[in-house]
Amino acid sequence: MHRTLSPAYARIRPCVCFFVFALFFSGPVPAEIPDVSEPDLFPELWEIAKDLELWNHPEWWSLGHYHRTLWLRVESRIDDPRFFIAPNGKTNRRAELKATLRAFTSPDPAEETEERTLSCRFPARRRWLLEKLALPEDAFASPDCDTYHQVIAQLQIERATVVYPAAYLNNPASMFGHLLLVLDREGKSRLLSRAVNYGADVDTGFGPLYMIKGIFGLYDGMFAVMSYDQKVSEYNSVNRRDIWEYPLNLDGDGLDRLLRRVWELQELKSRYFFFKENCAFNLMYPIEAAHPDIQITRGFRFSAIPVSLLKELTATGITGEPVYRPSKSTVMAHLADKLTPEQRARALSIARGESPAEEEAEALVLSLAMELTFFDYTEKRIPPETYRERVTPIMMARSALGAAPVPQPPVPPAPETSHDPRRIFLYGGTDREGTGLGGVRLRAAYHDWLDVPTGFAPGSYITFFEADLRASNDFERWSLHRLTLVDIRSLAPRTLWTSPLSWTVSFRVEEDRFQPEHHRGVAQFATGKTWRTGENTLAYLKLENTIVADQTLPHTLAWEPGVQWGFAREGERLRAGLRGHHRFGVWGSAAARHSAEAEVRWTPAPEHVPNLSVGLLFAHFHEKGEDVQDRLFTLGLTF
């Protein structure tokens with residue numbers, strides 16, 4: 001919409017920049033442009049801002065990371081006091097807008113330094129206020145940030161790309177995948193680009209402890225801008241993570257908005273929550289600044305999984321065609337699948353320096369040996385000298401066989417094609433005595449062992465906040481059967497080149513199957529190994545430690561170590577699994593608890609959203625000489 005200039009415009013000193021901007025500006029504008037020659041613009045500008053109620057504008061909410069909490073209060077997700085100008089700016093968006101406007105029109109000399117002026121702290125806020133108040137570029141006493149323009153000119157950023165490193169099972173920080181923003185430099189290699197990342201300041205590498213602290217927001221999260229090469233090197237799992245790249249459709253104006261927003265956020269701290277305010281969720285704010293017409297963050301109230309945010313982002317149409325880059329592990333797995341067990345053993349022997357490469361006559365064997373040698377080097381299993389000694393003869397032997405294409409892995413389904421994280425699960429059937437029972441499970445997120453695997457890493461199962469309400473005794477009695485706070489199962493199978501640890505972390509409240517309506521708290525930790533027993537089949541064995549909180553126990557708490565095992569077959573339409581637990585009371589309890597569960601699920605149209613599945617479930621429980629069984633028909637819907 002072209003705006004008609006009011007007579008007050010004649011009072012404003014000429015400004016070509018303002019004229020060009022005003023010609024193309026669209027959106028709500030003040031009825032009259034303020035006189036910027038006045039010594040104090042603030043009173044007049046604040047009246048205009050109040051008329052427009054700018055503190056309620058969606059873009060101001062996004063600029064300040066404001067949201068409405070579960071208690072209906074409005075506050076910012078940023079916890080760093082450097083982000084706010086008003087003393088109560090975190091909880092009062094109106095006061096923060098007023099303080100920001102006053103600071104730009106009448107800056108405090110004590111707060112202004114040559115290195116960090118107000119405009120250099122908040123270049124995105126400055127531009128937004130100028131636009132919404134229809135002001136010329138030189139209206140504020142604090143000019144636009146020279147440092148910002150110098151840095152951007154030096155970096156020569158030409159485009160922005162959202163990068164999704166896929167989930168990696170044996171790194172708790174990577175089980176959901178990750179999102180970062182890459183700022184590509186004109187005419188430069190991707191490794192020389194800049195990476196914008198929001199991540200937790202982690203003080204432990206122990207998986208279960210990381211999960212606990214991440215779930216309850218016990219880490220500080222921080223925006224950081226670094227070289228893409230540095231960010232890639234931080235992934236100790238870089239060899240194991242496929243990467244998907246989604247170029248953002250941005251013009252020069254949108255790119256400037258995004259860069260100004262990134263500039264404001266770097267090095268600011270806020271609490272990091274694994275299931276909500278995580279790497280992907282906070283990255284949406286700069287993207288929303290680049291495209292003010294989209295509001296992705298407002299749609300995620302309770303949980304925000306990276307792949308769910310990616311689905312929403314691609315649905316807006318602001319991303320280009322994705323580019324797939326397979327990891328070293330994916331390439332090696334594909335090469336290994338082309339070889340016989342004897343050929344794979346020869347490749348490993350050559351890579352380990354146990355067999356001479358010159359005697360090998362098959363190109364694919366040498367190609368795999370070369371990849372394995374490089375993998376050992378990048379994993380720091382061998383020093384540079386050993387790497388050179390091993391890889392040189394392999395390369396010479398491979399070259400002597402002549403040119404031949406190396407088979408490339410097929411492009412898998414893109415992560416945004418995966419099923420939605422929420423699920424409603426209806427079930428009905430009988431117990432061992434033939435008494436009718438049924439119930440409903442409601443899950444907030446994300447993916448369990450027999451959900452449709454498309455777009456997910458095999459063996460990666462995460463359930464977050466699932467409530468199971470059951471009707472028993474021929475549907476006469478309803479009760480809370482189980483409340484799962486979080487259940488994470490990492491089944492990372494052994495491969496030719498690595499033997500990762502599989503693990504489980506689970507926190508839940510469950511009904512005692514032998515004492516109806518009696519509940520106990522359970523915290524479970526397990527570690528072990530996983531094997532791939534077929535193309536789509538996994539088998540695992542883990543040692544577990546379970547802590548039980550129950551008021552009927554002598555000491556309220558009990559320690560019950562044990563074993564868990566299972567088999568799972570994944571497929572787009574048909575999945576099946578068998579698993580069991582055996583726990584023995586060592587302290588605080590003498591109970592021996594045994595369970596086995598078999599389940600089959602079938603999804604007639606896995607590509608459809610919502611995703612519907614039907615199945616059969618048989619479960620058997622044994623404790624203190626008593627047995628309980630469930631024989632159920634199930635109906636699940638993800639949405």
Side-chain angles (χ1 to χ4, degrees), residues 167-176 200 202-219 237 272-275 443 445-449 457 459-466 468 482-494 499-512 519-531 538-550 553 555-568 577 579-597 621 623:
Y168 170 55
L169 305 179
N170 219 35
N171 184 338
S174 307
M175 286 195 67
F176 280 118
V202 179
D203 57 3
T204 178
F206 181 54
L209 181 58
Y210 170 85
M211 291 300 307
I212 294 170
K213 297 183 74 172
I215 289 168
F216 295 104
L218 300 179
Y219 286 123
S237 52
Y272 181 94
F273 289 89
F274 194 80
F275 289 106
R443 183 185 73 190
Y446 154 72
H447 178 67
D448 76 12
W449 72 318
S460 178
Y461 313 123
I462 304 176
T463 296
F464 172 62
F465 199 83
E466 181 177 67
D468 184 349
R482 175 177 290 195
L483 177 63
T484 300
L485 301 179
V486 62
D487 185 280
I488 303 175
R489 302 172 185 270
S490 170
L491 303 182
R494 295 167 56 93
S499 181
L501 196 67
S502 296
W503 54 275
T504 296
V505 173
S506 180
F507 296 95
R508 62 184 183 270
V509 176
E510 63 184 19
E511 185 178 33
D512 189 329
H519 293 80
R520 60 192 173 208
V522 177
Q524 191 173 79
F525 311 91
T527 57
K529 292 293 183 179
T530 299
W531 298 265
L538 297 176
Y540 66 88
L541 179 65
K542 300 178 186 178
L543 299 177
E544 71 175 45
N545 282 284
T546 301
I547 305 298
V548 177
D550 190 329
L553 295 173
H555 304 289
T556 307
L557 294 176
W559 172 40
E560 299 179 358
V563 176
Q564 57 180 244
W565 53 269
F567 303 88
R579 60 186 177 184
H581 294 261
H582 307 279
R583 290 161 32 197
F584 305 91
V586 171
W587 178 85
S589 168
R593 312 178 200 273
H594 306 278
S595 66
E597 180 180 315
F621 305 88
E623 182 179 334

| request: Evaluate the ring planes of His582 and His594, with Trp represented by its six-membered ring, and classify them as parallel (under 30°), tilted (30 to 60°) or perpendicular (over 60°). | output: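 Judged by the thresholds at 30° and 60°, the geometry between His582 and His594 is tilted.
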| task | Return the orientation label for the Tyr461 and His447 ring planes: parallel under 30°, perpendicular over 60°, tilted otherwise. | result |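 Judged by the thresholds at 30° and 60°, the geometry between Tyr461 and His447 is tilted.
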Are any of the side-chain heavy atoms of [X] and [Y] separated by less than 4.5 Å?
{"X": "Val548", "Y": "Leu557", "value": "no"}
{"X": "Phe274", "Y": "Val486", "value": "no"}
{"X": "Phe567", "Y": "Trp531", "value": "no"}

| By ring-ring contact (aromatic ring centres under 6.0 Å, His included), which residues pair with Tyr540, not counting sequence neighbours? |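 Once residues adjacent in sequence are excluded, Tyr540 has no partner under the ring-ring contact (aromatic ring centres under 6.0 Å, His included) criterion.
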| field | Any residue meeting ring-ring contact (aromatic ring centres under 6.0 Å, His included) with Trp559, in chain and number order, not counting sequence neighbours | value |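 Trp559: no ring-ring contact (aromatic ring centres under 6.0 Å, His included) contacts found.
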| message | Is a donor from one side chain sitting under 3.5 angstrom from an acceptor on the other, for Glu597 and Ser595? | response |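 Per modelled atom types, Glu597 and Ser595 side chains form no pair under 3.5 Å.
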| said: Please check: side-chain N/O of Lys542 versus main-chain N/O of Trp503, any donor-acceptor pairing under 3.5 Å? | reply: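 Yes; judged by distance alone, with no hydrogens or angles, the pair exists.
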| query | Where the side chain of Ser502 meets the backbone of Ala492, is there a donor-acceptor pair that is under 3.5 Å apart? | reply |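 Checked: pair present.
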| query | Under 6.0 Å from the six-membered ring centre of Trp449 and within 45° of its axis: does the NZ or CZ of Arg579 meet both? | reply |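 Pair Arg579/Trp449 counts as cation-pi.
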| query | Between CG of Leu485 and CD of Glu466, what distance do you get to the nearest 0.5 Å? | reply |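 These two atoms lie 11.5 Å from each other.
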| said: Would you compute the distance between atom NE2 of His581 and atom CH2 of Trp565 and round it to the nearest 0.5 angstrom? | reply: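 Rounded to the nearest 0.5 Å, the NE2-CH2 separation comes to 9.0 Å.
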| field | Stepwise side-chain contact (heavy atoms from CB on, under 4.5 Å) check, Tyr272 with Leu218 | value | CA-CA 7 Å; Tyr272 181 94; Leu218 300 179; over 6 Å; no
| For Ser506, what residues pass the side-chain hydrogen bond (donor to acceptor under 3.5 Å, both in side chains) criterion, not counting sequence neighbours? |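 side-chain hydrogen bond (donor to acceptor under 3.5 Å, both in side chains) list for Ser506, sorted by chain: Asp487, Arg508.
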| Steps toward side-chain contact (heavy atoms from CB on, under 4.5 Å) verdict (Val563, Leu543) | CA-CA 5 Å; Val563 176; Leu543 299 177; 4.0 Å; yes
| message | Is there a side-chain contact (heavy atoms from CB on, under 4.5 Å) between Asp448 and Arg443? Walk through the geometry before answering. | response | CA-CA 10 Å; Asp448 76 12; Arg443 183 185 73 190; 4.0 Å; yes
| Arg520 vs Asp512, side-chain contact (heavy atoms from CB on, under 4.5 Å): CA-CA, chis, key distance, verdict | CA-CA 7 Å; Arg520 60 192 173 208; Asp512 189 329; 3.3 Å; yes
